[in-house]
Number of protein chains: 2
Amino acid sequence: MLAFGHSHPNAMKNLPLNPRKVPRQARSRATCDAILAAAARILERQGDEALNTNRVAEVAGVSIGSLYQYYPTKEAILAELIRAMRQQMHDDMAAAARVAAGSGLEQEVDALVAATLRHHLRNPELAYALEIVEERLPLDAETAALKQGMRTLVVDMLERNGITDAPAIAFDLIAIGHGLADAAIAAGERDFDGLHRRIRRAVLGYLGRPRL
Amino acid sequence: MLAFGHSHPNAMKNLPLNPRKVPRQARSRATCDAILAAAARILERQGDEALNTNRVAEVAGVSIGSLYQYYPTKEAILAELIRAMRQQMHDDMAAAARVAAGSGLEQEVDALVAATLRHHLRNPELAYALEIVEERLPLDAETAALKQGMRTLVVDMLERNGITDAPAIAFDLIAIGHGLADAAIAAGERDFDGLHRRIRRAVLGYLGRPRL
DNA sequence: GCATAATGTGAGCGGATGCTTGCATTTGGC
DNA sequence: GCCAAATGCAAGCATCCGCTCACATTATGC
């Protein structure tokens, strides 16, 4: 389960952005958490097509009115879930990059790939559903910054290992990893070790390293 | 623009499959084409969220009742568009594979990659929108067969060039190409030559070929 | 020309869903 | 204990959208 950081459900949604209340008492914080947890549960078990505000409120054991006191729109709920996921993923990757820094390209690639796969491993269904939702939602600034941060971790890793044109290479490596992970997960694979090896092979192959 | 093959708008949709009329007169064939063209236009210009049956009928200059005489559901229209796209793509790849067969791995990879990119080049917006729709739609048997056929073209190409475990390798190569193409197109790139080179690099790198 | 089949029409039904609003209940400071 | 602020509630409004149906128009065979 994701840990929700309580980063003000407001401060998002630019177009229909009507300010909403910020929870002050413990009671209302519990309500917000119940709403996010219910939304995650629905996404995980039934996918994003089954998610609507009435159902979220029902599963959360909260009235629809309470939901709209804290989340101005359905998208605000989804954006909050996505932000929490990206935060966790970013922090995990940053820690992995820090630990592996200086251990050589192969080790560093491995560390970053492992961090991203760990993310999917925790809750494959939810992670997959959230990524699908993310594609068709305008990113809020905070989530965009997190994604940029993850990209920068890859760029820095490449530069530490003397690779030129790192930003463009990072773009492609991320795309390659995404492509392989998406295809494997969509095909129902759950062998993350095998997937890890294939992503390593693709990444190092793209970088022109001799095969291991 | 896609050429619609008039492969019986019926013969799809297994669950709510109510037989519908098959066009006999030229008049009704024109109606069907107008409906498919209108749906493609909407997808291309406004994306799949903006597509609904009322709007399709309006853009096609046809009444909503006429639309439902030939297409039992909204999904049947989309499935027909997807089928036409996959047919064209498959035929294009098959022709490319035939011409390039025996010219060596690098040439054959190039030919197949070029065929798939040509497909996107014709109408990037429509191709992109259709692939998004395809992901969340149950494939009809004919489309599934076309996709399987394309996969087989890649497997055969690999086996012609002495590569073992071809089916698994083909799966990964397709995923890699998809990942790179999706990311580039989503980022607004329109330099298909550059994209072609990067996909070649990724594919040959995965296969462990020395860099060119 | 006429009968019949084929095709075209659009008002509107039924249901889903995002969200508002008016009111009830609980909490915390004094 | 009291009151104002915070929180909670759910009926139901407004809209969208997939789709039907009863009827009008056009083509085809004879």
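By convention in this document, chain letters (A, B, ...) are assigned in the order of the sequence lines, proteins followed by strands, and residues within each chain are numbered from 1. Note: hydrogens, waters and symmetry copies are ignored here, and every other heavy atom, side chains too, is used.
Listed pair B:S63 / C:dG10 fails the phosphate criterion, with no side-chain N or O lying under 4.0 Å from OP1 or OP2. Listed pair B:Y68 / D:dT20 fails the phosphate criterion, with no side-chain N or O lying under 4.0 Å from OP1 or OP2. Between A:T53 and C:dG18 there is a side-chain polar atom (N or O) within less than 4.0 angstrom of OP1 or OP2. OP1 or OP2 of D:dG8 has at least one side-chain nitrogen or oxygen of A:T31 nearer than 4.0 Å. Considering only side-chain N and O atoms, B:S28 lies nowhere under 4.0 angstrom from the phosphate OP1 or OP2 of C:dA6.
In this entry the distance linking CD of B:E75 with C1' of D:dC17 reads 12 Å, nearest Å. To the nearest angstrom, P of C:dG8 lies 11 Å from CZ of B:R29. The distance from atom CD1 of A:I64 to atom P of C:dA16 is 16 Å, rounded to the nearest whole Å. If you take CD1 of B:I35 and C1' of D:dG18, they are 15 Å apart, rounded to a whole angstrom. Taking atom NZ of residue B:K74 and atom P of nucleotide C:dG15, one finds them 19 Å apart after rounding to whole Å. D:dT15 atom P lies 21 Å from atom CD of B:E49, rounded to whole Å. Distance CG (B:N52) to P (D:dC19): 11 Å, rounded to an integer number of Å. Per the geometry, OH belonging to A:Y70 stands 18 Å off P belonging to C:dC19, to the nearest Å.
Taking the nucleotide of DNA chain C with the nearest heavy atom to each of A:A26 and B:Q25, the more 5' of the two is matched to B:Q25.
For the pair A:L112 and A:M93, the tightest heavy-atom approach, listed with the atom from each and the gap, is CD2-O, 3.7 Å.
Annotation: side chain of B:D156 is in contact with side chain of B:R160 (closest heavy-atom distance under 4.5 Å).
The side chain of A:R27 lies closest to C:dT27 when the candidates are C:dC19, C:dA6, C:dT27. With distances taken from any side-chain atom of A:V62 to the nucleotides C:dT7, C:dC19, D:dC9, the minimum falls on D:dC9.
With respect to A:I174, the side-chain contact (heavy atoms from CB on, under 4.5 Å) criterion is satisfied by exactly one of A:V154, A:V203, A:I169: A:V154. Partner of B:L43 under the side-chain contact (heavy atoms from CB on, under 4.5 Å) criterion, out of B:L81, B:N123, B:I132: B:L81 alone.
Judged by distance alone with a 3.5 Å cut-off, a donor-acceptor contact links the side chain of A:Q69 to the base of D:dG8.
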- Task: Could you give me the CA-CA distance, side-chain angles and deciding distance for B:D48 and B:R136, then say whether side chain to side chain contact (heavy atoms under 4.5 Å, CB included) is met?
- Result: CA-CA 11 Å; B:D48 67 286; B:R136 65 149 191 249; 3.1 Å; yes

- Message: As a quick check of understanding, evaluate side chain to side chain donor-acceptor pair (under 3.5 Å) for A:D110 and A:H196, giving each step before the final call.
- Response: CA-CA 8 Å; A:D110 258 9; A:H196 188 152; 3.2 Å; yes

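Helix-axis bend for the helix from C:dG1-D:dC30 to C:dC30-D:dG1: the local axis fitted to the five terminal pairs at one end deviates from that at the other end by 10°, rounded to 10°.
Salt bridge absent: A:R83 and A:E134 never bring a charged side-chain N and a carboxylate O closer than 4.0 Å.
With hydrogens and angles disregarded, a donor-acceptor distance shorter than 3.5 Å links the side chain of A:T152 to the backbone of A:Q148.
Residue contacts shown for B:S66 include a base, since a base heavy atom lies under 4.0 Å away. Contacts of A:N54 with the nucleic acid, taken as non-hydrogen atoms under 4.0 Å apart, include base atoms.
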